[in-house]
Structure formats: structure tokens, C-alpha cells
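I have placed the structure first, in the form of C-alpha cells, so that the comments after it can refer back to it.
Below, chains carry the letters A, B, ... as their sequence lines are ordered, and counting in each starts from 1.
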Number of protein chains: 2
Amino acid sequence: MGRKGEETRGRLLDATRDLIETGGYFGAGLNQVVAASGAPRGSLYFHFPGGKDQLVGESVRRAGREIGEAVRELAEAAPDAESLVAGVLGLLGDRLETSGWRKGCPVATVALEMAATSDPLHEVCSEVYGSWEGALRDRLAADGHPDPADTAVTVLALVEGALLLARAHRSREPLDRVTRRISALL
Amino acid sequence: MGRKGEETRGRLLDATRDLIETGGYFGAGLNQVVAASGAPRGSLYFHFPGGKDQLVGESVRRAGREIGEAVRELAEAAPDAESLVAGVLGLLGDRLETSGWRKGCPVATVALEMAATSDPLHEVCSEVYGSWEGALRDRLAADGHPDPADTAVTVLALVEGALLLARAHRSREPLDRVTRRISALL
DNA sequence: ATTAATATGTAGACCGATCTGTTATTCACA
DNA sequence: TGTGAATAACAGATCGGTCTACATATTAAT
């Protein structure tokens with residue numbers, strides 16, 4: 001695959017991710033994807049012969065990897081788990097607010113829409129959440145936390161839930177309140 | 001409005017709620033709504049002249065009221081906040097699993113899809129979450145909890161996040177893990 | 001070095017299906 | 001007989017997906 005091809009492929013994935021994050025699987029029409037990416041319709045099916053499901057699946061996976069890496073970088077600088085979670089909540093809050101409450105979690109909406117419908121997409125979402133859970137669990141275990149597995153899932157649920165409430169209220173207040181209470185879990 | 005009219009109106013709202021819960025706003029096509037409810041297409045616009053947004057809005061509000069009442073009943077029987085939250089998580093877990101991972105939170109998916117797009121629907125979701133937060137806060141305050149406002153939002157975020165992860169993994173493990181760690185917050 | 005041949009990618013018209021919403025007509029009960 | 005409600009045909013737009021023609025690279029042969 002040449003340089004040019006790889007580039008439009010990436011533009012398609014980025015545009016899809018953006019639209020998915022705002023309106024989920026059904027909210028991301030392929031017409032909007034090609035319009036936003038600048039790529040023609042034919043190129044979409046050249047790079048993603050599996051159609052919309054492949055496009056969305058790779059897009060979610062890519063976004064999951066990106067966020068995972070960002071969290072890993074934050075984790076290196078954070079002295080303990082508590083400041084790490086606070087940092088993540090702060091980062092996500094900034095991203096959410098500056099995007100006009102559009103950019104929350106790129107996985108959540110698709111996960112909810114597809115939980116009972118599409119097996120391939122459900123698996124992608126499950127794997128992404130699993131990787132985040134694992135990274136968090138490892139960090140907690142390394143810090144000597146007494147209950148790393150349960151606590152990792154609990155913290156992830158807390159972050160996702162706070163992000164959901166923040167979008168629902170169009171306010172970072174839920175994120176701030178959760179940040180204030182996070183220490184009780186760690 | 002006569003008896004018959006009220007009945008089909010209710011059937012339309014119930015069918016909409018079911019489809020919304022499974023696939024969100026975009027996942028609930030009006031063709032599916034009329035097919036599931038048995039009502040003809042024209043009746044839909046007779047009872048809901050505001051179209052899909054009115055139908056979905058009233059459906060979300062109705063579902064929010066129902067769940068709020070169910071929680072209130074559970075709260076009367078629960079000796080403390082901890083057993084109340086555990087009861088809610090258990091109830092939601094049962095509902096989720098027996099529905100084949102379809103019925104989670106009837107508000108969440110719509111809230112995420114519409115956070116940045118539709119002002120009326122965003123407000124409905126915000127109000128429903130607000131009412132749940134308020135009920136939880138009052139209970140915590142009545143129990144003499146030191147930090148009812150922050151804790152209420154945190155607990156709601158935790159429940160919503162756990163429900164999201166459970167649907168994403170098609171497993172009640174996240175709900176169980178969160179249940180085990182909830183006491184740290186209360 | 002130049003040209004032919006092949007693979008890679010672009011481009012957009014087009015298809016049937018489905019989407020939300022409208023309309024005119026008929027039904028049924030008071 | 002008059003009004004609340006049911007009914008289904010219909011309209012325009014958009015959906016995901018397919019198709020063929022064209023342009024641009026890359027490779028190979030002369």
C-alpha cells in the first residue's frame with residue numbers, strides 16, 4: 001500500500017471516529033464520513049471492503065489504542081493511582097468541554113448501540129474496555145492495592161459513568177464531584 | 001381523549017422505549033415502532049404531532065419515572081444506602097441478563113447520541129438524571145452521610161458505568177465487582 | 001532511459017431499501 | 001351525526017452498498 005493510500009485510509013478512520021464519538025454508529029452516516037474526510041465514496045469501499053462495520057470497528061480500535069497510550073503516559077508521571085485518575089478525569093473534562101460536549105468516550109455509544117445487535121462490533125468494544133481495565137489493574141497491583149481487579153473495573157465504570165453524566169448535563173460538574181470522591185476507592 | 005386512544009398512545013410509548021433501550025434514538029426506526037406497537041403510522045402522528053422527537057422524549061421521561069419509582073420502593077425496604085445500591089445493581093443485572101443484554105439504562109444511549117445535537121432531548125435526559133440524583137442525595141442526607149451531593153453523583157455514575165461495561169462485555173461481572181467495592185464510598 | 005504492463009487508488013453516478021413525515025379517506029363510538 | 005381515532009397509500013430525502021471508468025504509481029522489459 002502506497003503513501004497516498006495510507007493517508008486517505010487514515011483520514012477516513014479519523015472522520016469516522018469523530019462522527020461516531022458525537023452520534024454513535026447510526027449517527028455516523030457514510031455520506032457524512034466521505035464528506036468530512038474528502039475521500040470519494042469508492043475509496044471507502046476500496047480501503048474497507050467490509051463496509052461500515054469494518055470501518056467503525058477499526059476506528060473504535062484505533063481510538064481505544066490512542067486513549068490507552070495517553071493514559072499510559074499520564075501513568076508514568078503520576079505518583080499514585082489517585083492522582084492518575086484525577087489527571088484522566090481532568091483531561092477528559094477538557095476535551096469534552098472544548099469540543100462543545102461532543103467528544104466523550106469514543107467507545108461508549110457504539111458499545112451501547114451494538115451490545116445486543118452486532119457480534120463483531122460488540123467484541124471490539126469489549127476488547128478495548130478489557131485492555132483499559134487490564135492496564136489499570138496492573139498499575140493498582142504494582143502499587144500494592146489490596147483489591148486490584150475489582151477496583152480497576154470500579155474505577156473504569158466510575159470514569160465512564162461520570163463522562164456520561166457530564167455529557168447528559170453538558171457540564172463538568174459530575175466529573176468534578178467524582179474527582180472529589182475518588183480517594184475513597186483507592 | 002378516549003380509552004382506546006390512550007391505550008394505543010401507551011403502546012406506542014412502550015414500543016419506543018423498548019427499541020430505544022436496545023439501539024438508541026437512531027436505532028429505533030418509526031417503521032419498527034409502528035410494527036411493534038401494532039398501531040398504524042397515521043396514529044403515531046395523531047398522538048405525537050411533534051414527530052419522533054416528541055415520541056422519544058415522552059418515552060424517555062416515562063421510563064425515567066418508572067425506574068425512579070422502582071428505586072423509591074426499594075429504598076423504603078432497604079436498611080441503609082449500601083444495601084439499596086446493591087439491590088439496584090442486582091435488579092438491573094437481572095433485567096439486563098434476562099433480556100439478552102438488551103435492556104440496560106433507557107436514558108444512557110439517547111443521552112450520548114443527543115448530548116450535542118438535540119436541545120429538547122438533551123434536556124429530557126438531563127432532567128431524568130437530575131431527578132435520580134436528587135432522590136439519591138436526599139436518601140444519603142437523611143442517613144446522615146457527610147457528603148451527600150458528591151456521593152450521590154458518584155454512585156449514579158458508578159451504576160451507569162457498571163451497566164455500560166456489563167452490556168459491553170455481555171456479562172454481569174462488572175456489576176458484581178462494583179457491588180463488592182461500593183461500600184468504600186458509603 | 002524509455003516505454004509497456006500491472007497494480008494501486010480515485011472518482012462519482014447509480015441502485016434498491018429504508019428513513020421521517022404528510023395526506024385523504026374511512027371507521028367507530030358517543 | 002359529529003368527533004376522536006384508525007388506516008394505508010404516498011412523498012422526498014437519505015441510507016449503505018455496488019458499479020464502471022479513469023488517474024496515478026510502481027515495476028519490468030527493451
Side-chain angles (χ1 to χ4, degrees), chain A residues 1-20 22-60 109-110 113-114 117-122 124, chain B residues 1-20 22-60 109-110 113-114 117-122 124:
Chain A
M1 198 172 324
R3 209 201 78 260
K4 183 88 177 292
E6 202 64 63
E7 191 187 312
T8 60
R9 211 186 122 93
R11 283 213 317 275
L12 281 166
L13 284 173
D14 286 342
T16 303
R17 181 220 161 115
D18 222 72
L19 288 162
I20 278 178
T22 304
Y25 180 93
F26 298 114
L30 294 191
N31 290 327
Q32 302 175 55
V33 170
V34 299
S37 69
R41 205 174 184 68
S43 295
L44 196 161
Y45 283 90
F46 175 82
H47 291 290
F48 303 92
K52 188 175 184 181
D53 279 24
Q54 184 190 354
L55 178 67
V56 170
E58 288 196 29
S59 192
V60 168
T109 315
V110 176
E113 287 172 314
M114 296 303 167
T117 306
S118 162
D119 284 353
L121 284 177
H122 149 255
V124 168
Chain B
M1 198 171 324
R3 208 200 78 260
K4 185 89 178 292
E6 201 65 62
E7 191 187 311
T8 60
R9 211 186 122 93
R11 283 214 317 277
L12 282 166
L13 285 174
D14 286 342
T16 303
R17 182 219 160 116
D18 222 72
L19 288 161
I20 277 178
T22 304
Y25 180 93
F26 298 114
L30 294 190
N31 290 327
Q32 302 175 55
V33 170
V34 299
S37 69
R41 195 173 193 70
S43 295
L44 196 160
Y45 283 90
F46 175 81
H47 291 290
F48 304 92
K52 188 175 186 181
D53 279 25
Q54 185 191 352
L55 177 67
V56 171
E58 288 195 29
S59 192
V60 168
T109 315
V110 177
E113 287 173 314
M114 296 303 169
T117 306
S118 161
D119 284 353
L121 284 177
H122 150 255
V124 169

Checklist entry - Are H47(B) and dA6(D) close enough that a side-chain N or O sits under 4.0 Å from OP1 or OP2? => result yes
Next on the checklist: Output the rounded distance in Å from CD (E7(A)) to P (dT24(D)).
Outcome noted: 16 Å
Item to check | V56(B) and I20(B), any side-chain heavy atoms less than 4.5 Å apart | outcome: yes
Item to check | Over all atoms of both residues, closest heavy-atom pair of V33(B) and T16(B) | outcome: CG1-OG1, 3.5 Å
Checklist entry - Could you state the CZ-P distance from F48(A) to dG9(C), rounded to the nearest angstrom? => result 12 Å
Next on the checklist: Just the rounded figure in Å: distance from P of dC15(D) to CG of L55(A).
Outcome noted: 14 Å
Considering only nitrogen or oxygen atoms on both sides, find all protein atoms under 3.5 Å from nucleotides 8-10 of chain D and state each distance.
unit_1 : atom_1 : unit_2 : atom_2 : d
dA8(D) : N6     : G42(B) : N      : 3.4

Using a cutoff of under 3.5 Å, can you pull out all pairs of nitrogen or oxygen atoms linking the protein to nucleotides 15-19 of chain C, with atom names and distances?
unit_1  : atom_1 : unit_2 : atom_2 : d
dC19(C) : OP2    : N31(B) : ND2    : 2.5

Checklist outcome for this item: Atom CZ of R11(B) and atom P of dA5(D) are separated, to the nearest Å, by 13 Å
Item to check | Phosphate-side-chain proximity, Y45(A) and dG17(D), N/O vs OP1/OP2 below 4.0 Å | outcome: yes
Checklist entry - Could you give the CG-to-P distance, from D53(A) to dC15(D), as a whole number of Å? => result 16 Å
Checklist entry - For S59(B), which residues count as a side-chain hydrogen bond (donor to acceptor under 3.5 Å, both in side chains) partner, sequence neighbours excluded? => result none
Next on the checklist: Counting only side-chain nitrogens and oxygens, does T8(B) get under 4.0 Å of the OP1 or OP2 atom of dA5(D)?
Outcome noted: no
Item to check | Residue pairs fulfilling salt bridge (Lys or Arg N to Asp or Glu O under 4.0 Å) with at least one residue in residues 32-58 of chain B, sequence neighbours excluded | outcome: R9(B)-E58(B)
Next on the checklist: So if I take the C1' atoms of five pairs at each end of the helix from dA1(C)-dT30(D) to dA30(C)-dT1(D) and get each local axis, what angle do the two axes make, rounded to 10 degrees?
Outcome noted: 10°
Checklist entry - Considering all heavy atoms of both residues, which atom of E113(B) and which atom of E113(A) are nearest to each other, and what is their separation? => result OE2-OE2, 2.9 Å
Checklist outcome for this item: Rounded to the nearest 0.5 angstrom, the CG-CG distance for L19(B) and N31(B) is 11.0 Å
Item to check | Atom-pair distance (CZ on F46(A); C1' on dT20(D)), nearest Å | outcome: 15 Å
